[in-house]
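Naming convention: chains lettered A, B, ... in sequence-line order (proteins, then strands); numbering from 1 in each chain.
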Number of protein chains: 4
Amino acid sequence: MLMNIFRKRLYTIIFESDTKAGKTFDVVLLATILVSILLVMLDSVVSIHRKYFNLLGTLEWIITVIFTIEYIARIWVVERPRKYIFSIYGLIDILAILPSYLGLFFGVGQSLLVIRILRFLRIFRIFKLSRYTRAGRLLASSLWSNKEKILVFIVFVFTMATIIGTMMYLIEGEDSGFTDIPTSIYWAIVTLTTVGYGDISPVTGFGQFLASFVMILGYSMLAVPAGLVTASFITTKEVRNSQVCRNCLYDMHDDDAQYCKKCGTSLDKGGDRRR
Amino acid sequence: MLMNIFRKRLYTIIFESDTKAGKTFDVVLLATILVSILLVMLDSVVSIHRKYFNLLGTLEWIITVIFTIEYIARIWVVERPRKYIFSIYGLIDILAILPSYLGLFFGVGQSLLVIRILRFLRIFRIFKLSRYTRAGRLLASSLWSNKEKILVFIVFVFTMATIIGTMMYLIEGEDSGFTDIPTSIYWAIVTLTTVGYGDISPVTGFGQFLASFVMILGYSMLAVPAGLVTASFITTKEVRNSQVCRNCLYDMHDDDAQYCKKCGTSLDKGGDRRR
Amino acid sequence: MLMNIFRKRLYTIIFESDTKAGKTFDVVLLATILVSILLVMLDSVVSIHRKYFNLLGTLEWIITVIFTIEYIARIWVVERPRKYIFSIYGLIDILAILPSYLGLFFGVGQSLLVIRILRFLRIFRIFKLSRYTRAGRLLASSLWSNKEKILVFIVFVFTMATIIGTMMYLIEGEDSGFTDIPTSIYWAIVTLTTVGYGDISPVTGFGQFLASFVMILGYSMLAVPAGLVTASFITTKEVRNSQVCRNCLYDMHDDDAQYCKKCGTSLDKGGDRRR
Amino acid sequence: MLMNIFRKRLYTIIFESDTKAGKTFDVVLLATILVSILLVMLDSVVSIHRKYFNLLGTLEWIITVIFTIEYIARIWVVERPRKYIFSIYGLIDILAILPSYLGLFFGVGQSLLVIRILRFLRIFRIFKLSRYTRAGRLLASSLWSNKEKILVFIVFVFTMATIIGTMMYLIEGEDSGFTDIPTSIYWAIVTLTTVGYGDISPVTGFGQFLASFVMILGYSMLAVPAGLVTASFITTKEVRNSQVCRNCLYDMHDDDAQYCKKCGTSLDKGGDRRR
């Protein structure tokens, strides 16, 4: 009985952020994640890696142990552990600790490095469970509701890049860096998106003339995603409720929801908060 | 009679995407187009061209045959073949196969390469006949309704680029790359559109001072197309109906249209679907 | 009397674009202006200047004579020539022909070149008197109604550039191109506006770290002018009437205006059109 | 009594901008600030510093004396000097004169240079007390009301930059400039924000392929802040009243306010204006 109350209390601390303890937990977790990312970054700098090899390794293990304890606690407090383990957040959580343990047995290879940097994704869990929830949700749902339009736009950008790239390949030739069609398409995307590295740029008069139109096209075309997203933001309704269902982990409840609309579990019993 | 039913069925598969067979046809066609574009691209890379010359040639012919069969089928199923042949899509379809046949008799020149890459445009046919129709149409009609404003804006950008380019030509001189007025105008467009290759950049103090204003102008001016398109998106009505008239190939029917508003042909008889 | 009718008819042709003759005049004038700009541009290219020196000079004089006749005609047809001569368009018109005549007596210097390129501004006269009027006016009045906000924004950008530039000057030092504060401010503007030439770029770790924030600031800040202009476009009313008052040359008449609201002159008597 | 009237009059001149004297004061102050910034900039240019060392030094002292007198006057006229001294504007005002006095005793070091450039921030005081007030306030309050969304967006940009940078570090390797993860993240931010210096750019085919997606992501993602700010601008209410409370310096009074809503001081007694 007491164990059950403690478990529910721990659930509120770890998974929600309405209580003071929950907020403290989030801040500590955020700091730990940022430190762990900083370690991975610094470890990649050759001079730092050579000098502070041992210190970085020790700190890495301390963080791995903290994340491991947290992972086990998360599995223990949720109603349906299997659901959590195979959710996106569950997978990110295991990926945050797995590389270190695998490295212990097989040696830390460079490809494991990438996986450790994915710890950064964990910070979205914290944003998810705070007052930033609304903002994140509004952004996500606005973009999602425009997915067809955004896809059509991106396909259009790629089509333009392909045709423009091929034309420039024929006009400019190999001397000015347009060595083949894929490279020319890369140049077209660099130009259409107004990035403009300058590693490849037209040198012939006609090439520069055509490139001018490509630039103005890219410059004006930026209005399309801006227009889509703005129009969507103006009409999208905000979601405020930050509660997470203990049973199915659904987290997009309406503001006045008392029961999870996906599985019927009561939402109010979860903690000691009363807004 | 049976032939006629088969022909109508084929029409639904090839030209529309409401049925399952129609959707499968679209997916297969999309894959074929993408493979054919990839072949053209890889063929332009010198090292790949040398190594896989025969393989690339064989695959190119297989694709040409597939596109030829599809082209003949399209002519056979439509009510008025002449109309289809001389429509934009009809011309793109013939351009997708012509270069290969011309190459057989006259040798494949580099200029024919461009035409083969236009196959990419065929993917818009697929987008046109799917749930992405609405998105594409909304984008197109929004931009079209702003054509005067967009033209005025582009003329303004060119005017600014001409005047700024000439001023920079006088200020900077030939040493820093501003060799003549056309080149200086090219620089002005590169800067106004915030592309910024850096192949030409001001070196004198006054040139950099003037360039700073040009950049801020280009940066702020981006708001104009963004504003135009956004204002248009907020007010434009969406079109949902994806049917294509068998007689005149008109494809912008209202959602509740039963007959083509351009030629009066019944739209409902075309297939086995019933929404 | 006949002279007066001819004069009024010429006024309609030159200054308005509702009649067929008026439209033809505009198209011919547009073509002449574009040819004249092309001549100035080509003349600046050293190799072309050497080869076609005589041809370019002859064409330049033909265009100057055409513009001179047009200028005299404009003065003759308007009610109050003095008002036209000292209006912005009047000054641009005289600047389009003056350099050639001055060059005849004092030799064509490079500084006169700039003035000839201002002929480009003449095309706005054509846009002003056509169906593009509305678009141009809407754009101009939207931007004008936001002048305070745009100025505040530009002052803010300059302030940020000054502070950021000074900080980078202290951090990076002279080795990486940040030689003095004005140059560093130039770099800050290049970065904030997302132009990014790359002629100057940070090399120290801390400099790159700070530059990252500057980039994200510039990237996000672009939303401010976009938002201002969009909000304005949504609320601004369009003006359709393209008539120009013969007496005071005022050209922003309401759609239902019969008399000039600035000087009371009747607008309907000016031509043979009846909409 | 007379002293008190003079003090109130001076308050209106220095702190408000409704009267003619107040406007003149603002213009003179603006010019002085701009000259002082120009001096700091020119002083950093080595060639100018050597040649005009004495002149620049003298002008610097004249400006310091002007700012000192102004600072003392400000303290004298406000009701609660302590409140002014420790307000943001008060601190900027003291920072504008302190470096010069400190330099007199300890020598002018390079680090003091930064502080002098902060004089630029003083111009916002002038904008604050003029017809630009509304514009600035609207911009500030719109951005502030979106602070959560903007923060979520910036965190998202950093997360993407971290993951993309790490991937490119593994793909490209040290030869093309991706020497370590922090540098690769710097490249990712340069690319995502469409700045594109070109000091680091991918050279392998797969690196360029991945970079293309990064560019299109950054290009499309710009729509998010644009959308947020635009949606906010459309709904935010403007504030017009430019009065500043003499007692507590609060300056966001409603248009019809007669008494400060923070401390109850009458707003109408402050000057001779009557709108």
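Comparing C:Ile37, C:Thr194, C:Val190, C:Leu228 by how many heavy-atom pairs each has under 4.5 Å with chain B, the most go to C:Thr194. Contact tally against chain B (heavy-atom pairs below 4.5 Å) for C:Val46, C:Thr230, C:Val195: the top residue is C:Val195. For the set B:Phe209, B:Trp187, B:Tyr197, the entry with the most heavy-atom pairs within less than 4.5 Å of chain C is B:Trp187.
Only the side chain of B:Leu222 comes within less than 4.5 Å of a heavy atom of chain C; its backbone N, CA, C and O stay farther away. The contact between B:Val224 and chain C is made by backbone and side chain atoms together, counting heavy-atom distances below 4.5 Å. When heavy atoms are compared at a cutoff of 4.5 Å, C:Val45 approaches chain B by way of both its backbone and its side chain. For B:Phe156, the parts lying near chain C are the backbone and the side chain together; criterion is any non-hydrogen pair under 4.5 Å.
Other residues, nucleotides and ligands place more than 12 heavy atoms under 6.0 Å from the CH2 atom of C:Trp61.
When atom types are taken as modelled, the side chain of B:Tyr219 and the backbone of C:Gly218 share a donor-acceptor pair closer than 3.5 angstrom.
A 4.5 Å side-chain heavy-atom check between B:Pro202 and C:Tyr186 finds at least one atom pair inside the cut-off.
Here the shortest heavy-atom pairing between C:Ala226 and B:Ala226 reads CB-CB, 4.5 Å. Across all their heavy atoms, B:Pro182 and C:Ser44 have their closest contact at CD-OG, 3.6 Å. Residue C:Phe233 comes nearest to B:Gly227 through the heavy atom pair CD1-C, 3.3 Å, listed as atom of the first residue, atom of the second, then distance.
The CZ atom of C:Phe158 sits 6.5 Å away from atom OG of B:Ser212, with the distance rounded to the nearest 0.5 Å. Put simply, CG on C:Leu42 and CG on B:Asp180 are 9.5 Å apart, with the number rounded to the nearest 0.5 Å. With rounding to the nearest 0.5 angstrom, the CD1 atom of B:Ile185 is 7.5 Å from the CZ atom of C:Phe120. Between C:Leu192 atom CG and B:Met215 atom CE the span is 11.0 Å, to the nearest 0.5 Å. Here C:Leu118 contributes atom CG and B:Thr159 contributes atom OG1; the two are 11.0 Å apart, rounded to the nearest 0.5 Å. The line from CD of B:Gln208 to CD1 of C:Ile189 is 10.5 Å long, rounded to the nearest 0.5 Å.
Applying the side-chain hydrogen bond (donor to acceptor under 3.5 Å, both in side chains) criterion to C:Glu60, with sequence neighbours excluded, gives C:Ser100, C:Arg116, C:Arg119.
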